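A quick note: this is a predicted structure, and the numbers were derived from the prediction, not measured. Here is how names work: the chains are called A, B, and so on, in the same order as the sequence lines, proteins then strands, and each is numbered from 1.
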Amino acid sequence: MKKIKNKTKDKVQNETEVKEKILIVEDDIPVMRAISDKLNREGFKVIEAVNGKEGLSLAFAEKPDIILLDILMPVMDGPAMMQKLREDGVWGKTVPIIMLTNLSTAADMKTVKVVIEAEPIYYLVKSNWSMTDVVGKVKEVLDDKKGSKLAKKIQNSLENKLRS
Amino acid sequence: MKSKQLEEEKLRQTAFTYIKEIIDVLRECFIIIDSDLKVIAANELFYQTFNVKKEDTEGKLIFDLGNRQWDIPELRLLFTDIIPKQGVISDYQVDHTFETIGEKIMLLNAKQIEASQMIIVAIEDVTEKIQTSLYARSLIEASLDPLATISPEGKITDVNEGLIKATGVPRQILIGTDFSNYFTEPEKARQGYKLVFERGLVTDYPLTIRHKNGKLTDVLYNASVYRDAKGSVLGVFAAARDVTVKKVLEQKLAEYAVTQDIKVVKRTAQLGEKVKELEESKAKDGAVLASIGDALVVVDKEGKITFVNTVFEELLLWKKEEVLGKRMVEIIPREDEDRTTLPFEERILSLVLAGKKVIATRTTTTTTTTTTTTTTTPTVVLPAYYYIRKDKTRFLAAGVVSPISLGNKIIGAVEIFRDITKEKEVDKAKSEFVSLASHQLRTPTTAINWYSEMLLNEEVGSLNDKQKEYCKEIHHGNQRMIELMNALLTVSRIELGTFVIDRATVNISEVLDDVIEELQIQIVDKGLRFKKSYQKNKSKIISDSTLIRIVFQNLLANAVEYSKKNGVVSVLVEKGDLMTEIQIKDNGYGIPVNAHAKLFSKFFRASNAQAIKPDGTGLGLYITKSIVEALGGTVSFKSKEHVGTTFTVTLPNTVASKNKLV
């Protein structure tokens, strides 16, 4: 395991020089470890938090490139953490977030919709996605960020909000 | 000459005696007067009737009789003018109030007998007869029921106050107009009228009188023809009985009053029986109503409470005697979730009493009702709402309102309701359980899914064949569990009614493309060919995209699953003016005829489907049908074994906004 990790790490470092930082906020440890292991192997620097409160302080301290955020969590849930993040500074407003969820009832879907309508972010239903797909999505969002498509999207959305 | 005179005198005496004897036995008053208008004689009945003495009468001037009480202008006219001229009169009416005997109405017939210079006067005392008929007339007038006489041509010839009141039209206008004008169904009135002529009598013929202000009175008509002495028909006498409940009750009371009469003692006994029966049945009904587990309130046409049961008292803390006669909507306010009191006129009870058609959709606390102004009023299921108790506390209630109708007229309403606080809590708990279960169950399946996937991809070391095989089984088994969980959650959401239709523009072509993309692996495996006959710019509808996706996921997955290798699946979308039709056609295994009827039933699986896909849930088509119907559409199929199956879904281009998935 260590061997593989190092191998990938070298590869990524060679390509990008600086490792991209990913913050995972997830209260279920097995699920968290699955994503965290996988992303480590893919060469990312992974930071872990088990609730929104912890996630928020780690986010401000580490300024990750992307945040994977569970919705239902104790202490502080995903939407609450995201709101706090968006209220604070330019970095907080623009950092890409992928909402992770296993919610599926109509009421839950409404919460998700309200969230993604308020903020142009991605969300995915964990049990419906394969790990390969999850990693694919993370890379896609990071690429978007580099091309600053998302940043522009967010910028526009913020401007629209200010206007209305 | 003298003897001849004597003979004549004798003869006259004989005739006179003869006449006197005759008039004495007749049942009419007679007096005989001479040409000087002096009374020669009168019969016994005359003396009796007019209370005069024979000795004060004979030989006296007629006008001097009874202390000149008979000096009546009409009599003077008759005897001094009419009789000398005409010699005879018939039915000459004289009304006079005598000091001694009071009012008399007399009909006089008189004849002058030329030979004897006598006038014979017959006096018929019609006082009683006329008074009786006046009494009858006043009885007719006093009757609360609308009465009328009608000519053979159907024109009103006379009416009473009852009919004037019922129509709101004055007597002078009613008389001479068509009888049928005053009913809601003139044609029916005319037919009833015809029946009277055919049969001579019609009883209990139902009609509704329309007051000029629009008020309707339900009546039952009894009518018969009346004839003159020769038997030819003069007209119809029509008597209506007001059968609106209040009137019936008034009449019942009147019937009680009649029981004073000795003649109706027997009837009293019968009535007594009836009353007893009524009281018994009332007591029984009362007991039934009181013992109903739900609160029950009966109101009259004005919405005033006429009955409440004990549950009503217990639930609302009002005592029966405190609420009787008060308006239900005023004394029991209704609130919605955020404590807004519903205006009286918007209360379902008010709408039902007003004869408005009320359609209510059921299930959640936010359910709305729609109203339209049509006449028929079925029982209305009330949405959940809060009722306010006497002590201002409130509780969540649900119930039904039914109109009480007589004929086609609403005379009151019954509302039954109960406290559903507990039920709502249970509902909420169920809903929360489903939500929790979905989250809690999915998390471990997610972990299994991802770890087995990473193992299989040999990310952390290579696996031998057996390890790989076992790992595949774990992964596959987990996938089945996720699928089954999703299906069961969908079903429970459908059955709990927690699916809310989210209206938005849905491009059916895009949904179909997405779902086909999801199935790409199986499509490639089987070498299936897809024929798409739809265009993105001609398949937009207003509906719920999440629900529509579930429908096509089921139908397309079936088409792929039950296709043979290298089969063809055609998908066609056709948007019409109101509905859009989607056809999914395969040339696969087909559905056996014996499975057609039960295909959409929950957990049902056709025999060949069980063989082809042993781990199917039997929920897909059940879910499909539930959703399509909730979206206001239909789903049907045509299939032949080994030829193929075509499923057709039609969806409205705009889904109705208030529909809920129940």
A.B. asks: Around atom NZ of K540(B), are there more than 12 heavy atoms of other residues, nucleotides or ligands at under 6.0 Å?
C.D. replies: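 No, because the 6.0 Å sphere around NZ of K540(B) holds 12 heavy atoms or fewer from other groups.
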A.B. asks: Could you pull out the closest heavy-atom pair between W450(B) and W129(A), with the gap in Å?
C.D. replies: NE1-O, 2.8 Å
A.B. asks: Does atom CZ of F60(A) have more than 12 heavy-atom neighbours from other groups under 6.0 Å away?
C.D. replies: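 Check passes, neighbour count above 12.
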A.B. asks: For a 4.5 angstrom cut-off between non-hydrogen side-chain atoms, does D28(A) reach T446(B)?
C.D. replies: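 The answer is no; the side chains never approach within 4.5 Å.
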A.B. asks: Look at atom CG of D525(B) and say whether more than 12 heavy atoms of other residues, nucleotides or ligands are closer to it than 6.0 Å.
C.D. replies: yes
A.B. asks: Return yes if some donor-acceptor pair links the side-chain N/O of Y451(B) with the main-chain N/O of V31(A) below 3.5 Å, else return no.
C.D. replies: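 Pair absent, no side-chain N/O of Y451(B) close to backbone of V31(A).
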A.B. asks: Counting only heavy atoms not in K53(A), do more than 12 sit closer than 6.0 Å to its NZ atom?
C.D. replies: no
A.B. asks: Going from CZ on R41(A) to CD on E459(B), what distance comes out if it is rounded to the nearest 0.5 angstrom?
C.D. replies: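 Reported to 0.5 Å precision, the distance equals 4.5 Å.
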A.B. asks: What is the distance from atom OG1 of T443(B) to atom CG of L72(A), rounded to the nearest 0.5 Å?
C.D. replies: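 T443(B) OG1 to L72(A) CG: 8.5 Å, rounded to 0.5 Å.
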A.B. asks: Could you tell me the separation between the CE atom of M454(B) and the OG atom of S130(A), rounded to the nearest 0.5 Å?
C.D. replies: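 Reported value, rounded in 0.5 Å steps: 11.0 Å.
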A.B. asks: N478(B) versus chain A, heavy atoms under 4.5 Å apart: side chain, backbone, both or neither?
C.D. replies: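 The answer is neither part of N478(B).
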A.B. asks: Tell me whether the count of non-hydrogen atoms from other residues, nucleotides or ligands lying under 6.0 Å of NZ in K613(B) goes above 12.
C.D. replies: yes
A.B. asks: Would D37(A) and V460(B) satisfy side chain to side chain contact (heavy atoms under 4.5 Å, CB included), going step by step from the backbone distance to the final call?
C.D. replies: CA-CA 10 Å; D37(A) 279 6; V460(B) 287; over 6 Å; no
A.B. asks: Tell me whether K84(A) at atom NZ has more than 12 heavy atoms from other residues, nucleotides or ligands lying less than 6.0 Å away.
C.D. replies: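 No, the 6.0 Å shell around NZ holds no more than 12 heavy atoms from other groups.
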A.B. asks: Which pair of non-hydrogen atoms, one from E453(B) and one from M131(A), has the smallest distance, and what is that distance?
C.D. replies: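 Answer, listing the atom of E453(B) first, then M131(A): OE1-N, 2.5 Å.
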A.B. asks: Does CZ in R33(A) sit with more than 12 non-hydrogen atoms of other residues, nucleotides or ligands closer than 6.0 Å?
C.D. replies: no
